[in-house]
Amino acid sequence: HHYRGGSGTIVRSVGMVLDITERKQTEENVRRQAELLGGINRILNAALKTDTEEDLGRTCLAAAEEITGSAISFIGELTPDGLFYDIAVSNPGWEACRITDATGHRRPQGSFTVHGIYGRVLKDGRGFFTNDPTSHPDYRALPPGHPLLASFLGVPLRSAGRVIGMIAVANREGGYATPQQEALEALAPVVVEAFQRKRAEEALRRLNAELEERVAAQTAEIRRTCDLAELERQRFTEVLETLPAYVALLTPDYRISFANRTFRERFGAAPEKRCYEHLFQRTEPCEICETYRVLQTGRSHRWEWAGPD
């Protein structure tokens with residue numbers, strides 16, 4: 001409030017200042033947490049819906065770039081032989097890349113030796129950032145065509161207590177500070193979980209496909225075996241049909257399950273009739289019959305019998 005003198009000039013002012021720094025910091029923290037949670041949700045959802053690791057990687061990088069305000073990013077993992085393999089590179093970073101192979105085509109992602117500032121993240125197992133990469137002791141000259149790095153932030157990816165890779169972002173306007181590193185470190189375990197889920201899902205899919213192939217192959221083999229057995233049965237039946245002798249297959253309860261043509265022409269067809277009923281109109285087995293000695297002894301048996309005719 002202004003107080004004026006007799007001439008109308010301001011002779012005194014009274015005012016009040018309210019410090020809203022803490023409120024602004026709280027609002028900024030809430031905003032960062034919301035961005036982080038949104039990124040986590042997108043990554044976990046992508047783990048369920050994306051088709052490839054590269055697609056999942058691009059979703060992870062989009063979330064990393066959003067929560068850190070970065071222009072480019074990449075995810076990579078360490079191979080058993082100690083090389084570093086790029087899983088995914090963000091689209092802006094890939095489009096900015098002008099590294100070419102011997103044929104003049106843009107070089108695809110691949111494995112690289114562990115060195116430079118990203119090698120420092122992997123070797124130390126902890127995140128760090130630099131807003132002047134070219135002055136960092138671990139800096140190595142970038143290959144021709146590589147996007148320029150104005151700033152860099154990288155954090156390790158861990159599983160079972162060991163470093164398995166890293167996620168890195170670069171070229172944030174104004175550089176990086178502790179809040180961006182903390183946000184990326186909070187995102188890193190979610191990235192690991194998402195890729196582990198995706199790989200477990202892919203391993204299960206491959207296992208199911210392999211099992212289906214095996215079942216199909218075994219089914220085809222069983223069908224082929226059954227077809228061969230049926231063919232042999234038909235051939236055997238044809239041989240029995242042409243024999244100029246009586247041939248009958250008897251079940252343990254004396255029923256005639258098969259009779260060849262010679263038998264049928266002499267005695268007539270006897271579907272499921274007992275032999276003593278059909279041949280001799282008896283109500284019980286013949287006393288002199290030795291046919292079933294085969295079942296008693298489990299060995300071949302030869303005997304002769306003269307019929308009434």
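- The main-chain N or O of L148 is found under 3.5 Å from a side-chain atom of N171 such that the two form a donor-acceptor pair.
- Checked for salt-bridge contact, K198 and E193 miss the test: no charged N lies under 4.0 Å from a carboxylate O.
- At distances below 3.5 Å, not a single donor-acceptor pair connects side-chain atoms of Q180 with backbone N or O atoms of L153.
- Between R205 and E201, none of the side-chain N atoms (NZ, or NE/NH1/NH2) sits under 4.0 Å from a carboxylate O, so this pair counts as no salt bridge.
- Using a distance-only test at 3.5 Å, with no hydrogens or angles considered, a donor-acceptor pair links the side chain of R172 to the main chain of G175.
- Under the 4.0 Å criterion applied to side-chain N and carboxylate O atoms, R206 and E202 are assigned as salt-bridge partners.
- One finds the CD atom of E66 at 12.0 Å from the OG atom of S73 (value rounded to the nearest 0.5 Å).
- Ion pairing between R199 and E77 holds under the 4.0 Å rule for side-chain N and carboxylate O.
- In this structure, E221 and T225 have side chains that are in contact, with non-hydrogen atoms separated by less than 4.5 Å.
- Residues F236 and E238 are not in side-chain contact: their nearest non-hydrogen atoms beyond the backbone lie 4.5 Å or more apart.
- Side-chain N or O atoms of T262 include one that pairs as donor or acceptor with a backbone N or O of L243 at under 3.5 Å.
- Not a single donor-acceptor pair under 3.5 Å links the side chain of T50 to the backbone N or O of D55.
- The side chain to side chain contact (heavy atoms under 4.5 Å, CB included) with F195 is formed by just one residue from the set I164, I75, V190; it is I75.
- Side-chain N or O atoms of H278 include one that pairs as donor or acceptor with a backbone N or O of G268 at under 3.5 Å.
- Of all heavy-atom pairs between A245 and N260, the closest is O-ND2, 2.8 Å.
- For the residue pair D253 / T251, a side-chain donor-acceptor distance below 3.5 Å is found, with atom types taken as modelled.
- Counting heavy atoms from C-beta on, the side chains of Y292 and V294 never come closer than 4.5 Å.
- Under the 3.5 Å distance criterion, the side-chain polar atoms of S70 are left unmatched by any main-chain donor or acceptor of I72.
- Looking only at distances, a side-chain donor or acceptor of R282 sits under 3.5 Å from a matching main-chain atom of E284.
- Within the 3.5 Å criterion, the main-chain N or O of P156 finds no donor-acceptor partner in the side chain of R158.
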